Amino acid sequence: KAGVTQTPRYLIKTRGQQVTLSCSPISGHRSVSWYQQTPGQGLQFLFEYFSETQRNKGNFPGRFSGRQFSNSRSEMNVSTLELGDSALYLCASSLGGGADTIYFGEGSWLTVV
Amino acid sequence: EDKVVQSPLSLVVHEGDTVTLNCSYEVTNFRSLLWYKQEKKAPTFLFMLTSSGIEKKSGRLSSILDKKELFSILNITATQTGDSAVYLCAVFRGGSEKLVFGKGMKLTVNP
C-alpha cells in the first residue's frame with residue numbers, strides 16, 4: 001500500500017513568488033491536513049480537508065491556501081513568498097473519522113531566497 | 001490555549017540504556033495521543049493511544065496514557081544507535097481536526 005506522496009520534495013523560490021505543493025494521501029483516506037515545520041516553531045497546523053471541504057484552518061495569513069480534489073489529492077499554495085516561509089511542509093492523511101492513525105508524507109522542503 | 005509539553009527536550013545515552021520520554025498535555029476535546037519518530041525527514045508513526053492505562057508495545061518501544069493526569073510516556077529499552085532521532089508527541093483535538101504537537105525530544109544514542 002503506497003504511503004503519503006508529496007511533490008516536489010525540494011524547491012527554492014524567490015521572495016514574492018508563489019508556490020504550489022501537492023499531496024496524494026494513502027488510498028482510501030479522505031482527510032488531508034497540512035503542517036509547517038520550522039526549527040523555531042516546531043510543527044504547526046495549517047489546514048485540514050475532508051471530502052473537498054476545508055474543515056479547519058490554522059493561524060496563518062491568507063497567503064496560505066489549499067484545496068482538495070474529488071480523488072482526495074490536495075494542494076496547498078503560498079503566494080507572495082517571504083523569507084520566513086522557508087520550512088518543511090508536511091502533508092498528513094487519515095481516514096478522517098476522528099481518532100484515526102495519521103500518517104505523514106516525506107515533506108516538501110521550501111527555501112525562499 | 002492548547003498545550004503539549006515534552007520532557008526532557010534532549011537526552012544523550014549509551015547503547016543498551018533504557019529511556020523514558022514524557023509528554024503532558026492540556027488540549028480541549030482530546031481524542032487521541034500519538035507518538036512519532038522523526039529522523040531528518042517525515043515523522044514516522046509509532047503509537048496511537050486513546051484509552052487510559054492500556055500499554056501499547058512494539059518491540060523495544062512501549063507507551064502508555066494516563067487520561068486522568070493528562071500525560072503519556074514512551075519507553076525505549078536496550079537503546080540502539082538507530083534510535084537516535086527526534087521523538088514527537090501530538091494530541092489530536094476533535095472539532096478542530098488537528099494535531100497539537102510538542103516541541104519534540106532529541107535522543108542521541110552513542111555506541
Side-chain angles (χ1 to χ4, degrees), chain A residues 1 3-7 9-10 21 23-26 29-51 53-60 66 68 74 87-109, chain B residues 1-10 21 23-25 27-52 54 56 58 61 63 65 67 72 85-106:
Chain A
K1 195 174 186 178
V4 182
T5 305
Q6 290 188 246
T7 57
R9 293 290 318 284
Y10 304 91
L21 309 177
C23 172
S24 293
I26 292 170
H29 284 192
R30 294 166 67 189
S31 170
V32 173
S33 48
W34 290 87
Y35 292 82
Q36 182 196 65
Q37 187 173 30
T38 58
Q41 299 298 318
L43 273 141
Q44 293 193 294
F45 173 76
L46 281 157
F47 24 66
E48 189 260 355
Y49 289 88
F50 180 83
S51 292
T53 300
Q54 185 182 87
R55 292 199 292 190
N56 195 35
K57 187 173 173 13
N59 190 23
F60 280 82
Q68 187 180 33
S74 176
L88 175 64
Y89 289 88
L90 291 163
C91 170
S93 90
S94 72
L95 290 169
D100 303 316
T101 304
I102 298 171
Y103 298 95
F104 283 86
E106 292 287 308
S108 293
W109 287 93
Chain B
E1 186 186 334
D2 295 329
K3 227 173 11 174
V4 176
V5 179
Q6 292 186 245
S7 64
L9 290 183
S10 68
L21 287 59
C23 176
S24 65
Y25 63 90
V27 176
T28 305
N29 203 4
F30 170 97
R31 291 281 185 86
S32 59
L33 186 144
L34 296 91
W35 285 96
Y36 292 90
K37 176 183 181 183
Q38 188 172 29
E39 303 167 87
K40 297 189 189 300
K41 51 180 183 177
T44 303
F45 171 77
L46 295 175
F47 297 110
M48 182 175 75
L49 304 144
T50 55
S51 301
S52 219
I54 298 175
K56 294 275 184 98
S58 178
L61 278 65
S63 183
L65 172 68
K67 289 172 75 173
S72 174
V86 173
Y87 290 84
L88 295 162
C89 173
V91 172
F92 186 81
R93 175 181 167 158
S96 301
E97 310 305 313
K98 69 176 183 180
L99 287 169
V100 180
F101 280 89
K103 296 273 187 210
M105 195 285 276
K106 183 176 179 181

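Model, not experiment: these values are computed from the prediction. Atom set for the values below is all heavy atoms of this structure, side chains included, hydrogens, waters and symmetry mates excluded. Proteins get letters first, then strands, A, B, ... in listed order; numbering begins at 1 in each.
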Legend entry - side chain to side chain donor-acceptor pair (under 3.5 Å) contacts in which one or both residues fall within residues 34-45 of chain A, not counting sequence neighbours: A/W34-A/S74, A/Q36-A/Y89, A/Q37-B/Q38

Approximate separation, where rounding is to 0.5 Å, of [X] [atom1] and [Y] [atom2]:
| X | Y | atom1 | atom2 | value |
| --- | --- | --- | --- | --- |
| A/D100 | B/T50 | CG | OG1 | 11.0 Å |
| B/E97 | A/R55 | CD | CZ | 4.0 Å |
| B/T44 | A/Y103 | OG1 | OH | 11.5 Å |
| A/I102 | B/L99 | CD1 | CG | 4.0 Å |
| A/S94 | B/F92 | OG | CZ | 6.5 Å |

Inset, instruction - Tell me, for B/Y36 versus chain A, whether the close heavy atoms (under 4.5 Å) come from the side chain, the backbone, both or neither. - result: side chain

Legend entry - Residue part contacting chain A, namely of B/K98, when any heavy atom lies under 4.5 Å: both

Inset, instruction - Sort A/L43 into side chain, backbone, both or neither according to what part of it lies under 4.5 angstrom from a heavy atom of chain B. - result: both

Inset, instruction - Let me know if A/E106 has heavy atoms under 4.5 Å from chain B in its side chain, its backbone, both or neither. - result: both

Legend entry - Closest approach of A/F45 to B/S96 (non-hydrogen atoms, all atoms of both residues): CZ-O, 4.3 Å

Legend entry - Flag if over 12 foreign heavy atoms under 6.0 Å of NZ, A/K57: yes

Inset, instruction - Could you pull out all residues at least two apart from B/Y87 that satisfy ring-ring contact (aromatic ring centres under 6.0 Å, His included)? - result: none

